[in-house]
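Next up is a structure, given as structure tokens.
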Amino acid sequence: MTQEGDLSSSLPEQQKHGVCCVSVLTCLLLACSYVGSLYVWRSHLPRDHPTVIKRRFTSVLIVSGLSPVFVWAWREFTGITTGPSFLALMGIRFEGIIPAIILPLLLTMVLFLGPLMQLAMDCPWTFMDGIRVALDPWFWSLCVSDMRWLRNQVVAPLTEELVFRACMLPMLVPCAGLSTAIFTCPLFFGVAHFHHIIELLRFRQGTLSGIFLSAVFQFSYTAVFGAYTAFIFIRTGHLVGPVLCHSFCNYMGFPAISAALDHPHRVSVLSCYLLGVLLFLLFLFPFTDPAYYGLPTPVCTLTTSPSPLCLY
């Protein structure tokens, strides 16, 4: 497979350095704009209050809607030409859409096999009860009317993946390359989540050391998760996969490993945890095979250097 494009990797070293500076500064500005939009509203209410959530929906949707302008301005300023269309470059396309909806989400569910098994064992409902609830329009109307549900399952996954993956990766890949971009892009995502420390301190929700450790932990796992969805975005060339995986992970939360260790069926649950990780590693590349999503995926055309991430 060949890589195409008139990109920074073929530019003189000094010009490439300039492209990298513009790319990083644009990503930093975009990240600051996203986080800053959450604080344009003055309020003494906590972040989970419906009024605060509604206001933040307004500002964050505006910034997210304008985020493609940052990519357009970056492209115009650097002069980098791209083969795929502007929307395709940001993962908005129809080619391979069905596999992009199913396979990354299925892969993420495999990783969460242990927590899913733990949830199933502790759930008082039968399987058929769960199916009936999932098909009940009243259940979904209650979800949509819950501002926290909308934030965690819809708005946050959609806007964060659009800004921190679909917009930032096309700017970072020509400068840093595919592999480095996967681990650089999540740093903006992880640092962006440090803003939660402001509210924890403001409402005195814990000790100073506890809040700091919580922020470091949140930065760590959001950065790891960001690298995972960046990997999915590059391999599939679609935005929908990272959005669905993000929504699912928000629903599941961080695995309750301590509860698993104290579970009555501890051996079975922990075995599912281990099996899920092993199967995830086994299926990681096959489930994200670019051949399912149209070759080459748009982000892969942004580098002239061959990469196993773009091969099948």
Side-chain angles (χ1 to χ4, degrees), residues 3-37 60 63-93 159-195 219 222-239 242-243 296-310:
Q3 304 293 337
E4 303 172 353
D6 177 18
L7 307 171
S8 64
S9 55
S10 59
L11 296 174
E13 191 63 32
Q14 185 175 0
Q15 192 172 352
K16 182 180 177 181
H17 178 72
V19 169
C20 288
C21 288
V22 172
S23 299
V24 172
L25 287 174
T26 306
C27 288
L28 185 60
L29 179 61
L30 187 52
C32 291
S33 299
Y34 185 92
V35 176
S37 71
V60 83
V63 170
S64 300
L66 293 175
S67 60
V69 176
F70 286 78
V71 185
W72 176 84
W74 163 84
R75 189 176 64 172
E76 293 298 312
F77 190 83
T78 59
I80 291 180
T81 58
T82 56
S85 69
F86 189 67
L87 289 179
L89 203 61
M90 295 190 297
I92 304 171
R93 61 195 184 104
T159 59
E160 289 180 2
E161 293 306 318
L162 173 63
V163 170
F164 292 95
R165 245 67 68 188
C167 289
M168 289 191 183
L169 278 170
M171 293 189 286
L172 291 173
V173 165
C175 164
L178 291 165
S179 299
T180 304
I182 284 178
F183 294 101
T184 304
C185 187
L187 297 180
F188 295 99
F189 184 58
V191 170
H193 282 72
F194 259 112
H195 75 92
F219 167 79
T222 51
V224 170
F225 172 78
Y228 171 56
T229 54
F231 173 87
I232 292 175
F233 183 84
I234 287 175
R235 291 277 288 174
T236 68
H238 280 276
L239 176 62
V243 170
T297 57
V299 186
C300 286
T301 65
L302 293 174
T303 175
T304 56
S305 304
S307 170
L309 293 171
C310 296

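Computed from heavy atoms alone, side chains included, the values below leave out hydrogens, waters and symmetry copies.
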Side chains of residues 18-26: which donor-acceptor pairs under 3.5 Å do they make with residues two or more places apart or in other chains?
{"residue": "Ser23", "atom": "OG", "partner": "Val19", "partner atom": "O", "Å": "2.9"}
{"residue": "Ser23", "atom": "OG", "partner": "Trp74", "partner atom": "NE1", "Å": "2.9"}
{"residue": "Ser23", "atom": "OG", "partner": "Met171", "partner atom": "O", "Å": "3.0"}
{"residue": "Thr26", "atom": "OG1", "partner": "Val22", "partner atom": "O", "Å": "2.6"}

*Write down the atom of Val60, the atom of Ser37, and the distance for their closest heavy-atom approach.*
CA-OG, 3.7 Å
*asked:* I need the full list of salt bridge (charged side-chain N to carboxylate O under 4.0 Å, His left out) pairs touching residues 164-174, with sequence neighbours left out, sorted by first then second residue.
replied: Glu161-Arg165
Please list every donor-acceptor pair under 3.5 Å in which a side-chain atom of residues 172-186 meets a protein atom from a residue at least two apart or in another chain.
{"residue": "Thr180", "atom": "OG1", "partner": "Ala176", "partner atom": "O", "Å": "3.4"}
{"residue": "Thr184", "atom": "OG1", "partner": "Thr180", "partner atom": "O", "Å": "2.7"}

*For Phe188 and Cys27, work out which heavy atoms get closest and say how close.*
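Result for this residue pair: CZ-CB, 3.7 Å.
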*asked:* How about CZ on Phe86, more than 12 heavy atoms from neighbouring residues, nucleotides or ligands closer than 6.0 Å, or not?
replied: yes
*Are any of the side-chain heavy atoms of Tyr228 and Ile232 separated by less than 4.5 Å?*
yes
*Are any side-chain N or O atoms of Thr229 and backbone N or O atoms of Gly226, one a donor and one an acceptor, separated by less than 3.5 Å?*
yes
Kindly list each side-chain donor-acceptor pair under 3.5 angstrom involving residues 65-72, sequence neighbours excluded, with atom names and distances?
{"residue": "Ser67", "atom": "OG", "partner": "Ser64", "partner atom": "O", "Å": "2.5"}

*Heavy-atom pair of closest approach, residues Ala31 and Phe164*: CB-CE2, 3.9 Å
_Please give me the minimum heavy-atom distance between Met90 and Cys167, naming the atom from each residue._
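Met90 and Cys167 have their closest heavy atoms at SD-SG, 3.9 Å.
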*Do Tyr34 and Thr159 come close enough that some side-chain heavy atom pair is under 4.5 Å?*
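Of all side-chain heavy-atom pairs linking Thr159 with Tyr34, at least one is under 4.5 Å.
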*Can you list the residues that meet the salt bridge (Lys or Arg N to Asp or Glu O under 4.0 Å) rule with Arg93, with sequence neighbours excluded?*
Glu95
*asked:* For a 4.5 angstrom cut-off between non-hydrogen side-chain atoms, does Leu302 reach Leu169?
replied: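 They are not in contact (no side-chain heavy atoms under 4.5 Å apart), so the answer is no.
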_Measuring from atom CG of Leu187 to atom CG of Leu28, what distance do you get when rounded to the nearest 0.5 angstrom?_
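If we round to the nearest 0.5 Å, Leu187:CG and Leu28:CG are 11.5 Å apart.
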*asked:* For Phe225, give me all partners under ring-ring contact (aromatic ring centres under 6.0 Å, His included), at least two apart in sequence or on another chain.
replied: His246
*Looking only at non-hydrogen atoms, find the nearest pair between Ser33 and Val63 and report the distance.*
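That would be O-CG2, 3.8 Å.
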